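Every heavy atom of this structure was used, including side-chain atoms; hydrogens, water molecules and symmetry mates were not. Here is how names work: the chains are called A, B, and so on, in the same order as the sequence lines, proteins then strands, and each is numbered from 1. These figures come from a predicted structure and were not determined experimentally.
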Number of protein chains: 2
Amino acid sequence: MANNKNNILNLFGDRVRQARVEKKLSQEDLANLADLHRTYIGMVERAERNITLINMNKIAQALDLKLIDLLKNDT
Amino acid sequence: MANNKNNILNLFGDRVRQARVEKKLSQEDLANLADLHRTYIGMVERAERNITLINMNKIAQALDLKLIDLLKNDT
DNA sequence: ATGTGACTTCCAGTCCGTC
DNA sequence: AGACGGACTGGAAGTCACA
């Protein structure tokens, strides 16, 4: 029963956090790079926001990644 | 001519249209499958709306695809 | 450095049409 | 069947104070 509800939000949020920590950035650092607010990054990582495509792309670019890389289940 | 990053909307929209036509679905068919509004599908394909992650996923599932497949430049 | 509730603004998303 | 417009509602965007 693969619930494909908003697990996609968790997947994306987890990926962002993972990539951010790997690059040793704080949420605030990433927020500045992506031109988004500090608290917003936190909310996205916690899957509390249903993020739009443009902001997803901003975050991906700030992390120097392709958007696809933030949506893969399995590397 | 560096394209702005919002080309991601065009990429996604084009991909959706391509996949939809391949499967011989009308916009209305896809809208019903994805539980979204008919006019909205058209807007997304024309890159007129900044779609949210959950709806992107809904459309991908309605097309029997992974979300990643709708974001690839290159098949 | 991050989590959270509250808040306003504005656009994602719907619904009625017409061409 | 699809593009497009006008009007509307709900919710995402964006921010803040404080824990």
Side-chain angles (χ1 to χ4, degrees), chain A residues 3-72, chain B residues 3-72:
Chain A
N3 59 345
N4 17 19
K5 298 190 122 184
N6 45 11
N7 260 356
I8 190 78
L9 295 183
N10 283 295
L11 169 64
F12 184 77
D14 287 347
R15 283 276 174 195
V16 168
R17 176 159 295 182
Q18 177 190 352
R20 177 178 64 78
V21 170
E22 267 176 20
K23 298 199 189 304
K24 301 194 183 351
L25 297 171
S26 67
Q27 289 182 352
E28 196 163 7
D29 292 335
L30 177 55
N32 290 332
L33 287 169
D35 197 26
L36 292 169
H37 201 270
R38 190 206 109 217
T39 59
Y40 185 67
I41 297 292
M43 287 169 153
V44 168
E45 289 187 356
R46 273 175 271 124
E48 292 173 5
R49 294 272 177 132
N50 182 14
I51 190 172
T52 56
L53 182 48
I54 286 180
N55 280 349
M56 290 170 68
N57 205 39
K58 276 198 204 174
I59 291 176
Q61 290 174 344
L63 289 167
D64 201 26
L65 291 172
K66 298 294 185 190
L67 182 47
I68 305 183
D69 298 323
L70 292 176
L71 291 167
K72 283 179 183 160
Chain B
N3 284 333
N4 67 23
K5 334 283 192 181
N6 292 18
N7 250 340
I8 190 78
L9 294 183
N10 283 295
L11 169 64
F12 185 76
D14 287 348
R15 281 279 175 194
V16 168
R17 175 160 296 182
Q18 177 189 352
R20 176 178 64 77
V21 170
E22 268 176 20
K23 300 205 187 307
K24 301 193 181 357
L25 298 170
S26 67
Q27 290 181 352
E28 194 164 6
D29 292 334
L30 177 55
N32 291 332
L33 287 169
D35 197 27
L36 290 170
H37 201 268
R38 174 198 120 225
T39 59
Y40 186 65
I41 297 292
M43 288 170 155
V44 168
E45 289 186 357
R46 276 175 267 126
E48 292 173 4
R49 281 288 199 274
N50 182 16
I51 191 171
T52 56
L53 181 48
I54 286 179
N55 281 348
M56 290 170 67
N57 203 41
K58 277 198 204 172
I59 290 176
Q61 290 173 348
L63 288 168
D64 201 24
L65 291 172
K66 297 294 183 190
L67 181 48
I68 307 183
D69 298 323
L70 292 176
L71 291 167
K72 283 180 184 162

Self-check item: Residue mapping more 5' on DNA chain D - nearest nucleotide basis, B:N50 or B:G42
Solution: B:G42
Exercise. Specify the closest pair of heavy atoms between A:L53 and B:F12, including all atoms of both residues, with the distance to one decimal.
Key: CD2-CB, 3.9 Å
Quiz item: Do any N or O atoms from the side chain of A:D69 and from the backbone of A:K66 form a donor-acceptor pair under 3.5 angstrom?
Solution: yes
Practice problem: Give the rounded distance in Å between these two atoms: CD1 of B:I41 and P of C:dC15. | Solution: 13 Å
Quiz item: Separation of A:Y40 atom OH from C:dA6 atom C1', in whole Å?
Solution: 17 Å
Quiz item: Considering heavy-atom distances to DNA chain C, does B:T39 or A:Q27 have its closest nucleotide positioned more toward the 5' end?
Solution: A:Q27
Quiz prompt | Residue pair A:L65 / A:A19: nearest heavy atoms and the distance that separates them | solution = CD1-CB, 3.8 Å
Self-check item: Residue whose closest nucleotide on DNA chain D lies nearer the 5' end, B:E48 versus A:R49
Solution: B:E48
Self-check item: Closest listed nucleotide, where the reference is the side chain of A:M43 and the choices are C:dA1, C:dT14, C:dA6
Solution: C:dA6
Practice problem: Please check if the side chain of B:N57 supplies one atom and the backbone of B:I54 the other of a donor-acceptor pair under 3.5 Å. | Solution: no
Quiz item: Can you check the A:H37 NE2 to C:dA6 P distance for me, whole Å?
Solution: 18 Å
Practice problem: Check the distance between C:dA1's P and A:N32's CG and give it to me in whole angstrom. | Solution: 11 Å
Quiz item: Is the shortest heavy-atom distance from the side chain of A:N55 to the side chain of A:L36 under 4.5 Å?
Solution: yes
Quiz item: Which residue, A:R15, A:Q18, A:R17, forms the side chain to side chain contact (heavy atoms under 4.5 Å, CB included) with A:E45?
Solution: A:R17
Exercise. Extract, from 5' to 3' on DNA chain D, the first and final nucleotides lying under 4.0 angstrom from some heavy atom of chain A.
Key: D:dA12 to D:dA17
Practice problem: Would you mind listing every salt bridge (Lys or Arg N to Asp or Glu O under 4.0 Å) that reaches into residues 49-61 of chain B, with sequence neighbours excluded? | Solution: none
Exercise. Can you tell me the distance, in whole Å, between the CZ atom of A:R46 and the C1' atom of C:dA1?
Key: 12 Å
Quiz item: Taking CZ from A:R17 and C1' from C:dT2, how many angstroms apart are they, rounded to a whole number?
Solution: 8 Å
Exercise. Tell me which nucleotide among C:dT2, C:dA12, C:dG5 gets nearest to the side chain of A:R38.
Key: C:dT2
